[in-house]
Student: 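Got a structure for you, written out below as structure tokens; questions coming shortly.
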There are 2 protein chains.
Amino acid sequence: MVVTKRDITIKDVAKTANVSVATVSRVINGLDRVSEATRKKVLKVIDELNFVPNTIAASMVNKKTNMLAVVVPEIQNPFYTAVIGGTVEVAKKAGFVTLVVSTNGDEAEESTYFESFLGKNADGFILIGTHKTADFYQTIRKPTILVDRYIDNSGHDGVMIDNYRGAYEATKHFLEYGHTRIAIIDGKHDFNDGKDRYWGYQRAMVEGGVSPDPKYHKQGSWLEDSGYQSTLELMQAEVPPTAIFAANNLICQGAIKAIRDLNLEIGEDISLIGFDENELAEFVKPKVTVVRRPTREMGTQAAEMLIKRIKDKSTDETNPKKVILDVELMKYGSVKKMN
Amino acid sequence: MVVTKRDITIKDVAKTANVSVATVSRVINGLDRVSEATRKKVLKVIDELNFVPNTIAASMVNKKTNMLAVVVPEIQNPFYTAVIGGTVEVAKKAGFVTLVVSTNGDEAEESTYFESFLGKNADGFILIGTHKTADFYQTIRKPTILVDRYIDNSGHDGVMIDNYRGAYEATKHFLEYGHTRIAIIDGKHDFNDGKDRYWGYQRAMVEGGVSPDPKYHKQGSWLEDSGYQSTLELMQAEVPPTAIFAANNLICQGAIKAIRDLNLEIGEDISLIGFDENELAEFVKPKVTVVRRPTREMGTQAAEMLIKRIKDKSTDETNPKKVILDVELMKYGSVKKMN
DNA sequence: TTGAAAGCGTTACCAC
DNA sequence: GTGGTAACGCTTTCAA
């Protein structure tokens, strides 16, 4: 009863159109010289039979699947979602489809799924990696872009932001407004992104002539709950800080909730700066000052670089390119002037 | 210098292991009888050569790519993200990888990308479709699950929630608390989900002996800004409603922001119920009562059903299965008692 | 237990 | 302009 999509092959088309498969292939791919008459004839048959070319078979001969693979730690964190969104958008415009998987931040999982994508012959990879050393990345011989977390000597391109500067600017902003009891809430320093934020904070403090008090460094898990707990602890200490730098989006959300639950006023009882925009930071009054990074753009950038690499057939090991996107301190009024 | 992944084929392995490709194939796939000695030998070579089987080539002969394709309107809306997340999780456990694309709610785009996935020989599809009529879906001859938006006579399975009941319960809750000026903010009735929510509201109103006032039906775009504007308009009318039902997550967020900007108090000056949980609804005090739906579970359910279909090699046109997941009214205190 | 060879749906080269 | 056919990397009969 219904038109059948698929299971029709190029041979069927050739047969009913009374031409060779070679000819059909030519009209499918457009580029070859074939008389207008046969072209029309073939096109008509393709339409009638509802023929969809098996691009996977084609990929066997031309060594190109037009598939991009994206590997992220966690598929529901808005930051990763934004990166994926940017990638998919650019990919589809360029005729690529996108494979996606999340690793739950587990190295073994990452290896497994990466290999699975390799087996599927993806043309290139965008990795927000979980592996901490270069050797995993070094064995990859296909165009690959490392996003957000960069591993030195990996031999691949990277798209990152200046975490160091972001944290530095935020901390300096506190100092300029007269704060000295400035706390930082972050997570494990497993990757450069988190580590750099911490050291950006450190440097600004020292440069500002304030020696950072370890009591004011709460190192938890990068998750909301950790931000919540750490904020409670900080604010209930004998000498609470006057300012808190929340080193990622989830920690910032946790901090906002904790401050609310303690019945404190942001920008009055406690100053706050977050890293990365988030729904809550934008909602509360005053809005929370944040270090803003171009999340979606990280995905589009990475995809563009990757597709270029693929088209140039250049692997990147010769001269890896590192693109550092700009961060910006968005001052919204959650920092009180103390002087 | 570095171990090479890929470009090594089964032939290379066979050659260096001094066996036939058939034998190598057997050990890769485990299932066949092959002596322990040769097995070990082959395995060793595979490891040394860092051989990753080309599963795409394999798929040509066994007609199975182990790829699932997910098509959503918008890749960054938390609802779709949750569905994708659930799907990916189930898929990878079952050995499938996931292709993802967003259509921007455009029928032509949907057709294009669907066809692209078809050409890639995906084994099955999960669609949050944009097409409004059955014919598009009817031509699909591969296992397919329609999620959230169901199209009758599509010939495919569906995973949905009871939008009608959700809206009905929400409205009834308002009525029971003595409200009569109950507004609803929704978007276009292009699909069953939105339409059902409206009619659930209608029925509850009528059953409650209140004839719905068209002034209190704001039909905008399903986006946050629309929810914001509609709320402003409603509350600035001569006779504002005492209760608002925000028919999706984004509209609800917009409503919350508008209420905040009008300096009104939720649950006091205006009662509010949302559809779908969201960050803001959970943050404000009192929390906003919402119709909760199991978003992530919709994805896992769909993936499980799909994989079962694929394994059974059953297309679904014979007896489509509709799974309706439960919604629940989470009463958090944003509805004032008027009687 | 192992190997040879056909075949999966394409493309691309080489003839005509 | 068009057709025949080898080749892509694998699986799976069929024989040995």
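Below, chain A is the first sequence line, B the second, and so on; all start at residue 1. Keep in mind that the numbers below use all heavy atoms, side chains included, and drop hydrogens, waters and symmetry copies.
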Student: Send over the distance from A:I10 CD1 to D:dT5 P, rounded to a whole Å.
Tutor: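 The distance from CD1 of A:I10 to P of D:dT5 comes to 16 Å, rounded to the nearest Å.
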Student: Taking 4.0 Å as the cut-off, does a side-chain nitrogen or oxygen of A:T38 come that near to OP1 or OP2 on D:dT2?
Tutor: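 So the side-chain polar atoms of A:T38 do come within 4.0 Å of the phosphate oxygens OP1 or OP2 of D:dT2, strictly under.
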Student: Would you kindly compare B:V24 and A:T23 by the position of their nearest DNA chain D nucleotide and give the one closer to the 5′ end?
Tutor: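 Nearest-nucleotide comparison on DNA chain D picks A:T23.
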Student: Between the base of C:dG3 and the side chain of B:R26, is there any donor-acceptor pair under 3.5 Å?
Tutor: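 Such a pair exists between side chain and base.
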Student: At under 4.0 Å, does any side-chain N or O of B:K64 touch on OP1 or OP2 of D:dT11?
Tutor: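 Checking D:dT11 against B:K64, no side-chain N or O comes under 4.0 Å of OP1 or OP2.
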Student: Quick one: B:R39 CZ to C:dT1 C1', roughly how many Å, whole number?
Tutor: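 Checked: the CZ to C1' distance equals 14 Å.
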Student: Using a cut-off of strictly less than 4.0 Å, decide whether B:S20 has a side-chain nitrogen or oxygen near OP1 or OP2 of C:dG3.
Tutor: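 Looking at the OP1 and OP2 atoms of C:dG3, one of them is under 4.0 Å from a side-chain N or O of B:S20.
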Student: With a 6.0 Å cut-off (strictly less than), is the heavy-atom count around NZ of A:K15, excluding the residue itself, greater than 12?
Tutor: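 Atom NZ in A:K15 is not crowded, with 12 or fewer foreign heavy atoms closer than 6.0 Å.
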Student: Give the nucleotide from the list D:dT12, D:dG3, D:dG9 with an atom nearest to the side chain of B:M60.
Tutor: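 My answer, after comparing the listed nucleotides, is D:dG9.
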Student: Whole angstroms only, please: what is the NZ-C1' distance between A:K15 and D:dG3?
Tutor: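 One finds 15 Å between C1' of D:dG3 and NZ of A:K15, rounded.
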Student: Heavy-atom count check: over 12 atoms from other residues, nucleotides or ligands less than 6.0 Å from A:K44 NZ?
Tutor: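 For A:K44, atom NZ is not crowded (no more than 12 foreign heavy atoms under 6.0 Å).
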Student: Nearest whole angstrom, please: distance from the P of C:dT1 to the NZ of B:K40.
Tutor: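 It is 15 Å, rounded to the nearest whole Å.
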Student: Decide side chain to side chain donor-acceptor pair (under 3.5 Å) for B:D123 and B:T65; before the verdict, give the C-alpha distance in whole Å, the side-chain angles of both, and the deciding distance to 0.1 Å.
Tutor: CA-CA 6 Å; B:D123 292 331; B:T65 54; 3.3 Å; yes
Student: Using the side chain to side chain contact (heavy atoms under 4.5 Å, CB included) rule, pick out the option among B:I324, B:L325, B:D148 that qualifies with B:V159.
Tutor: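 Among the candidates, only B:L325 passes.
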Student: Figure out the CD1/P separation between B:I56 and C:dT10, and round it to whole Å.
Tutor: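 That distance rounds to 14 Å.
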Student: Between A:K11 and C:dT10, is there a contact of a side-chain N or O with OP1 or OP2 at under 4.0 Å?
Tutor: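 False: A:K11 side-chain N/O out of range (4.0 Å or more) of C:dT10 OP1/OP2.
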Student: Nearest of C:dG3, D:dG1, D:dC10 to any side-chain atom of B:V19?
Tutor: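 Ranking C:dG3, D:dG1, D:dC10 by closest atom to the B:V19 side chain puts C:dG3 first.
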Student: OP1 or OP2 of D:dT2 sitting under 4.0 Å from any side-chain N/O of A:S35?
Tutor: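 True: A:S35 side-chain N/O within range (under 4.0 Å) of D:dT2 OP1/OP2.
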Student: Rounded to the Å, how far apart are A:R33 CZ and D:dG1 C1'?
Tutor: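 Between C1' of D:dG1 and CZ of A:R33: 7 Å.
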Student: For the side chain of A:A57, counting heavy atoms from C-beta on, which of C:dA5, C:dT11, C:dT10 is nearest?
Tutor: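 Nearest listed nucleotide: C:dT10.
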Student: Starting at the 5' end of DNA chain C and moving along, which residue's nearest nucleotide shows up first, A:I28 or B:V34?
Tutor: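 Nearer the 5' end of the strand: B:V34.
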Student: At 4.0 Å (heavy atoms only), tell me whether B:S25 reaches a base, stays on the sugar-phosphate, or touches nothing.
Tutor: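 Since a base atom lies under 4.0 Å of B:S25, the category is base.
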Student: So, for B:W222 and B:K188, which heavy atoms are closest and what is the spacing to 0.1 Å?
Tutor: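 Nearest heavy atoms, B:W222 then B:K188: NE1-O, 3.0 Å.
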Student: Hey, is the side chain of B:N29 poking within less than 4.0 Å of OP1 or OP2 on D:dT11, counting only N and O atoms?
Tutor: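 Checking D:dT11 against B:N29, a side-chain N or O does come within under 4.0 Å of OP1 or OP2.
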Student: Atom CG of A:N62 to atom P of C:dG9: distance rounded to whole Å?
Tutor: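 These atoms are roughly 17 Å apart.
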Student: Nearest-Å distance, CG (A:N18) to P (D:dG4)?
Tutor: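 Between P of D:dG4 and CG of A:N18: 12 Å.
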Student: By the 4.0 Å heavy-atom rule, please label B:A22 as base, sugar-phosphate, or nothing.
Tutor: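 The answer is base, as B:A22 lies within the cut-off (heavy atoms under 4.0 Å) of a base atom.
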Student: Would you find more than 12 non-hydrogen atoms of other residues, nucleotides or ligands less than 6.0 Å from A:R39 atom CZ?
Tutor: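 Incorrect, the count does not exceed 12.
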